[in-house]
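Before any comments, here is the structure.
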Amino acid sequence: MNEIPKAYEPQSVEDKWYDFWQKQGCFTADPKSAKPAFSIVIPPPNVTGMLHMGHVLNNTIQDILSRKARMDGKEVLWLPGTDHAGIATQVQVEKALKKEERKTKYEIGREEFLKRVWAWKEKHGNIIINQLKKLGCSCDWSRERFTMDPEYSRCVQKVFVELYKKGLIYRGKRMVNWCPVSQTALSDEEVEMKPQKGFMYHFKVQVAEEPDTWLTIATTRPETIPGDTAVAVNPKDPRYAHLIGKHIVRPLPIQLPREQKLIPIIGDEHVDFEFGTGVLKVTPAHDKADFEIGQRHNLAIVDIMNPNGTMNELAGESLAGLDRFEARDVAVERLKELGVMVEEKPYENNVGFSQRADVPIEPRLSEQWFLKYPSVEPSKACVAEGRMKFHPDRWAKVYDHWLTNIQDWCISRQLWWGHRIPVWYRNSEVYCGLEAPTGEGWTQDSDVLDTWFSSWLWPFATMGWPENTETLKKFYPTTDLVTGPDIIFFWVARMIMAGYEFMGEPKFALPDAMPFQNVYFTGIIRDKQGRKMSKTLGNSPDPLVLIAQYGADALRFGTMRSAPLGQDVLFDEKDVELGRNFCNKLWNACRFRQMQGGETETEIKPDLLTSDDKWILLRLDQAIREVSDALTTYNFATAVQALYRFFWSEYCDWYVEASKAPFFGTDAALKANKLAVIDFVLSNTLRLFHPFLPFITEELWHGMGFSKELPGNQGGQTIMFASWPKPFNTEEKEYFGLDDVADKVAAAKYELVGLGRNLRRELKLDPAKKLNFILKPAGTLAASEIEVLKLLLNAESVEIVAMDWTPDKGTPSASNALGEIFLPLAGLIDLGAEKARLTKEQEKIQAEIVKVEQKLANPNFAQKVPAKVLDEHKQRLADWQAKLVQVKASLKAMG
RNA sequence: GCGCGGUUAGCUCAGUGGUAGAGCAUUACCUUGACACGGUAGGGGUCGGAGGUUCGAAACCUCCACCGCGCACCA
């Protein structure tokens, strides 16, 4: 490391070390290890996905946790993989097929289509994995899993069969959320309610038995009138109760004979007579609530729509074939023609949208598979009782609320890409099993399972379940899960249930079958205007571009620094720039050390330590404590900020600058000791930074020679396995003399430097001019301390004078605990400016004195306040008063 | 409707009872022998509002306002 570039160049460093780590097997987890286990399973990204900022946030955190655990001496398994993303992947392949061959999947058939999907997966599936590698993720790639792997698929089928046999999975004709674009059922969680502007239509219908009586019905969906099989009123509603049992004439379809359009008036408590007109049209085939009313009253179910959202012939010839929204307009026209439209007024209501396709879902009656959620009670209990911890813990309430109100999960999807339901039919026979039944005439259910029905098994299906493998024994339950709160229901809650249901069996001999001990919920990454990152907005930067531009470490650092615990992250490229600047600072600080020459110094001689040395060792000690604490509480931003402050504002700004005094001097022993301190500090610093900045720290670790003295498995081979820094214990502090006194001397020295620089600035002196300062120390001061002062003040000289020395009239000065500093510039400066400066200073001091005096003057204050606080205030008052005396003296001296 | 966050410097955010902080941006100056991806010094805040508790509140309590999110949902 003789010829170090002036600026850090990440591009030449990152790939080199990533290859090194992989070749050395540094990420590989050994289940036979005697070390305590630490494990994380990655939230599997979509196999066809691309890395976005959310992944960066999420995976950087997992990497930090993993790397920290390795340095803590744990056996680490970070298990990576991808999921097959049923709908998303199928849609992508369909699009490609359309574009390249102008064909639909139906034209090539299921089998051929699946071949295309696999080919697509082979081609694109590694993209996101390689992107994670670029980011520095230390996953055990030898264990990479995919939810469509044969072994994994086997787990999914097995789970289905078991739950079926337990009676928890059943098939039924139910109202489901139907996506007319994807043409599949969706679970409740995949439906997003959105306010929509539309109209509330009021139309009137004639009571068949009382031709003079008309009822007015309010609806937002007139196109569903042909599917109405009753109108309902509240039996307690005096306006209508007497009509129950009679019939109305449904206005649509127009062509239908009157007798076929007679539908009953029924009484149902569901009807709110405050709302609308108090008369509800009941469309059991197209509304969930109406379906339930229909069940209660044995109403006919008339499905008037096709799966793709167009109307069928039952809707009548004027609507048939039209899209549901066109049909609405036409239905309105028909009602107007009939003269039954009473009113249409603008109306906003909430409509369920398919999260994936972003179109309104259609409640639709169809044959689907459902799961009664298993192991709900233990899943609730483990979080409620705090055995599994959520960070931040407010998510526990959200989790509990959801689990308390869940409905059965619709797990079948009308897709081709996914795990096929292991059920076969022959006439009225149904067979559920891992293998196809023997005999002729069986056909397998054509549906596949919801992707989440496979990913809920992720924590154990990736580790060899259903066998009780070495990996499961060692690494299950996992230590941490890192994910976004947006999938708390989709994934987290379901994984917990699956854990209890399938890992709770006696053969696994687990005291608690929960899949993880901690769940850390990240924030959601937004742009700097607070908008969610999205492809359509184009506001999501490509992390790979950022890595190419600034380096992976910079991206990690910037992201972590701006990611407060449990809050959304407003991402700004400036943060990455800051990360790059920081890496450069770290680089150059090490470069400075190298330029001082010499081998790595390992022995610090306590009697040669200056106040600066002791001060920086204490600051390092503090930083180690803060960073360690922050990491155990998942406060990543706090950890980064503590490191930033320590390294930049303490080590570089003060210690490195102060160290230049001995380095430019002649005392070889002092220099060597200084190098030893620097090497100690840097070696600790690099280790503290390693989880955040894996690449640059590894480069510097070797470049600085810190690896040389260490055993291979403790930092000799890689910083990854170097031990995490420990704070000093009492004996060490005593040995190095790290006490309050040394700390205060250095702090006062730096404060005095600030005061001196301030004098120079206030007096508008040429910054380039070397000045002579005079110092009247309050106590004794070593020569080395004076040298540091001289250097930091950029002074020509610092002359020491005795206590009885008095300055010439008008000499600017400043003082603190260390002593009084003068700038003997009589005649050179503008006395008016100095006087103004001092007057301003005096006013500020007086204001502070008034504030403290007022507090102390309050009799209650002295009585009630703790002694420590009282002393603090008294001391503060004394300090300000001393300063006031000094300023007044200076002013007086000015004449 | 229920629940959860948030409101502190121009911006993004720390700060859970005792002298209001950081980074960015900004102003002035500096290319000095680690670093201009840098250094030095500065300006900038009645901590959303109103009450209350307290010797003392940015912090604790109550109410309100506004912003964001989740759940539920009446046709």
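The structure displayed is predicted, hence computed values, not measured ones. Chain identifiers are assigned alphabetically (A, B, ...) following the order of the sequence lines, protein sequences preceding nucleic acid strands; residue numbering begins at 1 within each chain.
Side-chain contact annotation: A/Arg580 with A/Tyr8, donor-acceptor N/O pair under 3.5 Å absent. No donor-acceptor contact under 3.5 angstrom links the side chains of A/Gln641 and A/Thr638, judged on distance only.
Among the atoms of the strands shown, none is found under 4.0 Å from any heavy atom of A/Asp575. Counting non-hydrogen atoms under 4.0 angstrom, A/Asp272 reaches a base of the nucleic acid. Within the nucleic acid shown, A/Tyr347 comes within 4.0 Å of sugar-phosphate atoms alone, with no base atom in reach, counting heavy atoms only. Contact annotation for A/Pro866: base contact, defined as any heavy-atom pair under 4.0 Å involving a base atom.
Rounding to whole angstrom units, CD of residue A/Glu274 and P of B/rG1 are separated by 16 Å. Following rounding to the nearest Å, A/Leu570 (CG) and B/rA14 (P) show an atom-to-atom distance of 10 Å. Across the protein-nucleic acid pair, A/Glu292 atom CD and B/rA75 atom P stand 15 Å apart, rounded to whole Å. In this structure, the CH2 atom of A/Trp395 is 8 Å from the C1' atom of B/rG5, given to the nearest Å. Taking atom CZ on A/Arg328 and atom P on B/rA75, their separation rounds to 12 Å, with Å as the unit. A/Phe557 has its CZ atom 14 Å from the C1' atom of B/rC24, to the nearest Å. Between A/Met193 atom CE and B/rG1 atom P the separation is 17 Å, expressed in whole Å. Residue A/Lys851 contributes atom NZ, which lies 5 Å from atom P of B/rA20 at whole-angstrom precision.
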How would nucleotides 29-40 of chain B be written as a contact map, 5' to 3', with B for base contact, S for sugar-phosphate-only contact and - for no contact, using protein heavy atoms under 4.0 Å? S----BB-BSSS
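Atom name C1', nucleotides B/rA75 and B/rU7: the rounded distance is 39 Å, in whole Å. With C1' as the reference atom, B/rC61 and B/rG17 are 14 Å apart, rounded to whole Å. When the P atom is used for both B/rG42 and B/rG21, the distance is 13 Å, rounded to whole Å. Across B/rG6 and B/rA14, the matching C1' atoms stand 15 Å from one another, rounded to whole Å.
The closest side-chain heavy-atom distance from A/Phe291 to A/Thr283 is not below 4.5 Å. A/Val656 is not listed as a side-chain neighbour of A/Arg593, based on a closest heavy-atom distance of 4.5 Å or more.
Summarising the geometry, atom CH2 belonging to A/Trp491 is positioned 12.5 Å from atom CD1 belonging to A/Ile488; distances are rounded to the nearest 0.5 Å.
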Using distance only, find each side-chain donor-acceptor pair of residues 851-860 of chain A under 3.5 Å and give its atom names and separation, not counting sequence neighbours.
unit_1	atom_1	unit_2	atom_2	d
A/Lys855	NZ	A/His873	NE2	3.4
A/Asn858	OD1	A/Asn860	N	3.0

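For A/Leu578, the side-chain atoms get nearest to B/rG23 when compared with the rest of B/rG23, B/rA75, B/rC4. When the nucleotides B/rC4, B/rC24, B/rA75 are ranked by their closest atom to the side chain of A/Lys397, B/rC4 comes out on top. The side chain of A/Thr220 sits closest to B/rA75 out of B/rA75, B/rC73, B/rG18.
Enclosure of atom NZ in A/Lys844 is not indicated, since only 12 or fewer non-hydrogen atoms of other residues, nucleotides or ligands lie within 6.0 angstrom.
Considering only side-chain N and O atoms, A/Tyr399 lies nowhere under 4.0 angstrom from the phosphate OP1 or OP2 of B/rG70. Phosphate contact (OP1/OP2 of B/rA75, side-chain N/O of A/Lys281, threshold under 4.0 Å): absent.
With the nearest nucleotide of RNA chain B identified for both A/Val191 and A/Asn758, A/Asn758 has the one nearer the 5' end.
For A/Arg561 and A/Tyr644, the positive end sits near the middle of the six-membered ring, less than 6.0 Å away and at most 45° from its axis.
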